[in-house]
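Heads up, the thing below is written out as C-alpha cells.
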Amino acid sequence: QFKFDTWTGQEEFVIGLAALFADSSDKAYVLSMASSLTGEATSLNEDDGFTQRATVKAGLAHKQSVTLKPRVELAPYRTFPEVSQPVSGFVFRAKTGEGQPQLMLVEADGGRWKIDAIRTLKTALEAFDLGLPIIA
C-alpha cells in the first residue's frame with residue numbers, strides 16, 4: 001500500500017507511484033517531478049502554503065527552479081483491478097529531509113473516490129446481465 005499523508009523518501013515514493021497507481025492525467029507529471037528533485041530543494045524552496053518552488057534536474061549538469069502543481073489528479077489502485085480506478089484529487093508536497101528529497105501525497109477529495117468506485121462496480125456488474133438487481 002502507498003503511504004498517504006506521510007513524508008516518504010524519493011526512491012520509495014517514485015517506486016510506489018509507478019507500481020500502485022493507474023495511469024491518469026497527472027501521474028507522468030508527478031513521476032517526472034518526484035524523480036528529478038535534487039537534494040538542494042530546501043535551500044531554494046519557496047512555500048506559501050499552497051504552491052512550492054523546488055530545484056529539479058534539467059539535464060546531466062543543469063538545474064532549474066520550477067513551481068510544483070499543488071493539486072494533482074491520480075488514480076491509486078483501491079478497488080478491483082478489472083475495473084477502471086477512480087481518479088482522486090491529491091495535494092502534492094515536497095521538502096528536503098536528511099539531505100534528500102521527501103515527498104507526500106495527501107488525499108483531497110473528501111472520500112468521493114468511494115462513491116465513484118461503487119458506481120464503477122455497479123456498471124461492471126450490470127454488464128454481466130445476471131438478471132439480478134444491482135443496488136448501489
Side-chain angles (χ1 to χ4, degrees):
Q1 267 193 344
F2 191 86
K3 298 176 192 172
F4 295 108
D5 306 327
T6 303
W7 290 107
T8 307
Q10 185 176 27
E11 183 176 9
E12 183 180 352
F13 184 91
V14 170
I15 291 170
L17 190 67
L20 302 173
F21 286 71
D23 289 334
S24 67
S25 60
D26 286 332
K27 180 180 177 182
Y29 167 79
V30 175
L31 278 172
S32 172
M33 289 295 108
S35 61
S36 63
L37 284 172
T38 67
E40 300 98 24
T42 51
S43 62
L44 300 174
N45 195 2
E46 297 174 26
D47 187 352
D48 65 7
F50 187 67
T51 57
Q52 291 182 298
R53 291 189 61 78
T55 304
V56 296
K57 298 175 207 163
L60 292 177
H62 300 293
K63 297 177 185 174
Q64 66 183 15
S65 181
V66 298
T67 301
L68 298 178
K69 286 173 61 173
R71 288 186 59 104
V72 292
E73 298 289 320
L74 299 170
Y77 290 112
R78 297 186 277 201
T79 184
F80 298 102
E82 295 83 9
V83 299
S84 62
Q85 300 302 306
V87 176
S88 303
F90 291 89
V91 174
F92 176 44
R93 303 293 289 170
K95 71 175 186 175
T96 299
E98 301 173 15
Q100 297 297 318
Q102 300 282 310
L103 301 124
M104 178 170 56
L105 288 174
V106 178
E107 291 184 88
D109 74 344
R112 192 186 87 223
W113 74 268
K114 295 173 188 174
I115 295 167
D116 292 343
I118 291 168
R119 288 183 184 140
T120 301
L121 289 172
K122 179 181 187 281
T123 302
L125 290 172
E126 287 174 341
F128 286 116
D129 197 24
L130 301 172
L132 300 171
I134 307 297
I135 300 170

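- E73 places no side-chain N or O within 3.5 Å of a backbone atom of V87 that could act as its donor or acceptor partner.
- Annotation: the span from E12 atom CD to T6 atom OG1 amounts to 9.5 Å, rounded to 0.5 Å.
- Open room surrounds CZ on F80; 12 or fewer heavy atoms of other groups in view lie less than 6.0 Å from it.
- Taken together through direct or relayed side-chain contacts under 4.5 Å among Ile, Leu, Val, Met, Phe, Trp and Tyr, I115 and V83 form parts of separate hydrophobic clusters.
- Side chain of E107 to backbone of V91: no donor-acceptor contact under 3.5 angstrom is found.
- Under the 4.5 Å side-chain heavy-atom criterion for grouping Ile, Leu, Val, Met, Phe, Trp and Tyr, L20 is connected to L17 within one hydrophobic cluster.
- Distance CD/Q100 to NZ/K95: 13.5 Å, rounded to 0.5 Å.
- Judged as a ring-ring contact (aromatic ring centres under 6.0 Å, His included), the pairs with a partner in residues 14-35 (not counting sequence neighbours) are, in order, F2-F21.
- Closest of all the heavy-atom pairs between Q85 and A22 is CG-CB, 4.1 Å.
- At a threshold of 4.5 Å between side-chain heavy atoms, the hydrophobic network of Ile, Leu, Val, Met, Phe, Trp and Tyr places I134 and F128 in one connected group.
- Taking CG from L132 and CD from E126, the interatomic distance works out to 11.5 Å, rounded to the nearest 0.5 Å.
- A continuous path of Ile, Leu, Val, Met, Phe, Trp and Tyr side chains, each step under 4.5 Å between heavy atoms, connects L68 with F13, placing both in one hydrophobic cluster.
- Using a distance-only test at 3.5 Å, with no hydrogens or angles considered, a donor-acceptor pair links the side chain of T120 to the main chain of D116.
- The number of heavy atoms from other shown groups lying within 6.0 Å of CD (E11) does not exceed 12.
- The main-chain N or O of W7 is never found under 3.5 Å from a side-chain atom of R93 such that the two would form a donor-acceptor pair.
- A donor-acceptor pair under 3.5 Å is formed between the side chain of Q10 and the backbone N or O of L37.
- Residues S88 and D109 come closest through the heavy atom pair OG-OD2, 3.2 Å.
- P76 and F4 get closest at one heavy-atom pair: CG-CZ, 3.9 Å.
- A117 approaches P86 most closely through the heavy-atom pair CB-CG, 4.0 Å.
- Closest approach of L74 to D26, counting heavy atoms only: CD2-C, 3.8 Å.
- Grouping the Ile, Leu, Val, Met, Phe, Trp and Tyr side chains by contacts below 4.5 angstrom, directly or via other members, places F92 apart from W113.
- In plain terms, the two heavy atoms of K3 and T8 that are nearest each other are O-OG1, 4.2 Å.
- Distance check, rounded to the nearest 0.5 Å: OG of S36 to CG of L31 gives 10.5 Å.
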